[in-house]
Amino acid sequence: MSVTRAVQPALDQKVGTRTAARFAHPALLLAGIVLVALNMRACLAAVSPMVAEIQRTFGLSATASGLITTVPVLFQGVGAPLTPRLTRRFGTERVVLGAVLALGAGVLLRVLPSVAALYAGCVVIGVAIAVLNVSMPGLVKREFPHKAAMMTGVYSTTMLVGATLAAALSVPLEHALGGGWQASLGAWSVLALVAAVAWLPQVLKARQERTVPLRVAPALPVPEAGASPWKSALAWQISVFMGVSSLLVYTLVAWMPTILADHGMPRGEAGLVFAFSNLVQVAGAFLVPLLAGRMTRQRGLALVMAGLNGAGVLWLLLAPVSGAWFSATVLGLAQGGSLGLGLAFIVLRTHSVAGAARLGGMSQAVGYLVAAAGPVGAGALHQVTGGWDATLLVMLVLAAVAAVAGWGAGRDRTV
């Protein structure tokens with residue numbers, strides 16, 4: 001008996017090590033990251049081609065319809081500061097799994113036949129995405145310390161691939177499933193379930209590593225590890241850049257197909273233009289973080305992104321139908337690139353995983369609270385003015401604000 005007791009801990013450690021090693025395979029981690037990232041924009045982009053139908057179903061005003069996109073963005077801002085506490089208490093892997101499951105539940109809640117359920121689902125979706133938004137940069141920095149910028153490009157690109165697929169497939173899914181907009185939007189809960197299953201090995205691996213560490217990573221320098229980013233001018237510049245860039249994105253996510261349709265473009269073609277813009281975002285989201293990672297300063301890159309945003313909005317103002325495909329191309333590059341650059345700033349402007357989590361929590365809290373004003377503000381302006389010119393002119397001014405903030409955020413300094 002004494003021999004068994006002496007040997008058992010060693011056997012448990014050996015079995016635990018093998019179990020953890022099996023789940024630690026890089027292909028499993030990459031697959032999990034990709035599938036989680038696919039969900040992070042899909043359920044938002046899927047709504048845009050359906051807004052008019054949802055509006056008719058519940059008799060909503062233009063401002064109330066804007067809230068369908070605004071509420072998730074608003075609660076991304078509300079939920080972001082809470083995420084670092086959750087990851088410290090429960091671990092990043094378990095928090096990500098819980099967020100993906102909550103996202104799927106929110107998607108199903110949103111399609112129940114009730115206005116209250118519609119907006120409650122939007123709240124759950126927003127909080128779930130907030131948790132994922134803040135968790136993923138720190139996780140990437142931890143797991144890929146020497147390839148953080150490249151992996152940021154991979155997962156930000158995957159987010160936009162999900163958005164592109166959702167925008168392109170919403171109307172075809174509505175026809176194929178025969179259940180109206182509810183069936184089309186509800187179908188995206190299946191993608192969340194697949195991502196949860198794919199992420200489960202990471203949760204099991206983390207559970208084993210708490211007792212049997214697989215590796216000891218070299219310590220990274222963590223100057224001022226407890227410093228609050230809320231007191232940093234650089235952190236505020238990053239936050240404003242992300243906020244204004246996200247406002248421009250979510251305003252067009254909510255209203256671009258409607259803007260085109262209101263100027264005479266067929267609804268189906270407007271949806272395709274919007275989907276194409278999301279597709280082009282993929283190139284910007286992948287290439288810009290790679291470029292940012294090779295630079296010590298990213299000021300010029302931030303100015304280019306803001307300038308492209310302004311050019312795309314201006315062309316949409318001057319030639320909304322004849323120039324729609326050109327506007328979609330320019331805006332796609334600008335918006336995908338701005339997203340990738342904003343996420344890269346979180347990684348490049350911090351020394352540690354904890355620092356990235358703190359900066360991510362702040363920048364995405366501020367950023368998404370700013371962005372939340374976009375869809376509902378655009379809907380209200382449209383309701384007051386009867387057109388879209390005022391909205392597009394405000395967006396031009398905001399592109400200039402993003403340029404100023406990006407110039408500061410691109411400095412070779414850390415928070």
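Only heavy atoms go into these numbers, but all of them, side chains included; no hydrogens, no water, no symmetry mates. Computed from a prediction, not measured in an experiment: that's the story for all the values here. Counting from 1, the numbers follow the sequence of the chain as shown.
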Next on the checklist: Would the distance check show the side chain of R56 and the main-chain N or O of V51 forming a donor-acceptor pair, the cut-off being under 3.5 Å?
Outcome noted: no
Next on the checklist: Given 3.5 Å as the limit, does a donor-acceptor pair link the side chain of T87 with the main chain of T92, or not?
Outcome noted: no
Checklist entry - So do the side chains of T329 and W315 get within less than 4.5 Å of each other, counting heavy atoms only? => result no
Checklist entry - If you measure from CZ on R349 to CD on Q237, what distance do you get to the nearest 0.5 Å? => result 10.5 Å
Item to check | A192 backbone acceptor or donor facing N39 side chain under 3.5 Å | outcome: yes
Next on the checklist: Whether the side chain of Q55 engages the backbone of L60 through a donor-acceptor N/O pair (distance < 3.5 Å, no angle test) should be reported.
Outcome noted: yes
Checklist entry - When you check the side-chain N and O atoms of E93 and Q202, is any donor under 3.5 Å from an acceptor? => result no
Item to check | R89 (side chain) donor-acceptor with R85 (main chain) under 3.5 angstrom | outcome: no
Checklist entry - Tell me, do L279 and V161 make a side-chain contact under 4.5 Å, heavy atoms counted? => result no
Item to check | Stepwise side-chain contact (heavy atoms from CB on, under 4.5 Å) check, M151 with E143 | outcome: CA-CA 10 Å; M151 288 305 300; E143 296 292 335; over 6 Å; no
Checklist entry - Is it true that a side-chain atom of Q364 and a backbone atom of N133 form a donor plus acceptor pair closer than 3.5 Å? => result yes
Item to check | Heavy-atom side-chain contact between L109 and L112 under 4.5 Å | outcome: yes
Checklist entry - Side chains of V313 and L331: closer than 4.5 Å at any heavy-atom pair? => result yes
Next on the checklist: Let's go through R110 and C43 carefully: what are the C-alpha distance in whole Å and the side-chain angles of both, what is the deciding distance for side-chain contact (heavy atoms from CB on, under 4.5 Å) to 0.1 Å, and is it a yes or a no?
Outcome noted: CA-CA 10 Å; R110 186 175 59 181; C43 61; 3.9 Å; yes
Next on the checklist: Please determine whether side-chain contact (heavy atoms from CB on, under 4.5 Å) holds for the pair Q383 and S61, giving the CA-CA distance in whole Å, both sets of side-chain angles, and the decisive distance to 0.1 Å.
Outcome noted: CA-CA 9 Å; Q383 197 167 321; S61 67; 4.1 Å; yes
Checklist entry - So how far is it from L193 CG to L103 CG, rounded to the nearest 0.5 Å? => result 11.5 Å
Checklist entry - Is there side-chain contact between L339 and Q281, with at least one heavy-atom pair below 4.5 Å? => result no
Checklist entry - Where do L177 and A187 come nearest, in terms of heavy atoms and distance? => result CD1-CB, 4.1 Å
Checklist entry - Mind checking whether I346 and S363 have side chains closer than 4.5 Å, heavy atoms only? => result yes
Checklist entry - Near W181 CH2, under 6.0 Å, is it more than 12 heavy atoms from other residues, nucleotides or ligands? => result yes
Checklist entry - Is the backbone of A285 close enough, under 3.5 Å, to the side chain of S156 for a donor and an acceptor to pair up by distance? => result yes
Item to check | Value rounded to 0.5 Å, distance of CG in L343 from CE in M136 | outcome: 10.5 Å
Checklist entry - Does a side-chain heavy-atom distance below 4.5 Å link W230 with W236? => result yes
Checklist outcome for this item: For R299 and W407 the tightest heavy-atom approach is NE-O, 2.9 Å
Checklist entry - Considering all heavy atoms of both residues, which atom of T158 and which atom of V154 are nearest to each other, and what is their separation? => result OG1-O, 2.7 Å
Item to check | Where A402 and V244 come nearest, the two heavy atoms and their spacing | outcome: CB-CG1, 3.8 Å
Item to check | Which atom of A334 lies closest to which atom of L308, heavy atoms considered | outcome: CB-CB, 3.5 Å
Checklist entry - What is the ring orientation for W255 with H382, classed by angle as parallel under 30°, tilted 30 to 60°, or perpendicular over 60°? => result tilted
Checklist outcome for this item: Rounded to the nearest 0.5 angstrom, the NE2-OG1 distance for H263 and T258 is 12.0 Å
Checklist entry - Looking only at heavy atoms, what is the nearest atom pair of V73 and A372, with distance? => result CG1-N, 3.4 Å
Checklist entry - Can you find a side-chain donor-acceptor pair between Q298 and R411 that sits under 3.5 Å? => result no
Next on the checklist: Before you tell me yes or no, could you show the steps for I54 and S65 under side-chain contact (heavy atoms from CB on, under 4.5 Å), namely the whole-Å CA-CA distance, both residues' side-chain angles and the distance that decides it to 0.1 Å?
Outcome noted: CA-CA 8 Å; I54 297 171; S65 299; over 6 Å; no
Next on the checklist: Closer than 3.5 angstrom, by distance alone: can the side chain of S189 be matched with the main-chain N or O of G186 as a donor-acceptor pair?
Outcome noted: yes
Next on the checklist: Under a 3.5 Å distance rule, please check whether S327 uses its side chain to pair with a backbone N or O of L316 as donor and acceptor.
Outcome noted: yes
Next on the checklist: Under a 3.5 Å distance rule, please check whether W325 uses its side chain to pair with a backbone N or O of V273 as donor and acceptor.
Outcome noted: no
Checklist entry - Can you find a heavy atom in the side chain of L369 that is under 4.5 Å from one in the side chain of V78? => result yes
Item to check | Spacing of S239 atom OG and M362 atom CE [to the nearest 0.5 Å] | outcome: 3.5 Å
Item to check | Euclidean distance, I68 CD1 relative to M50 CE, rounded to 0.5 Å | outcome: 11.5 Å
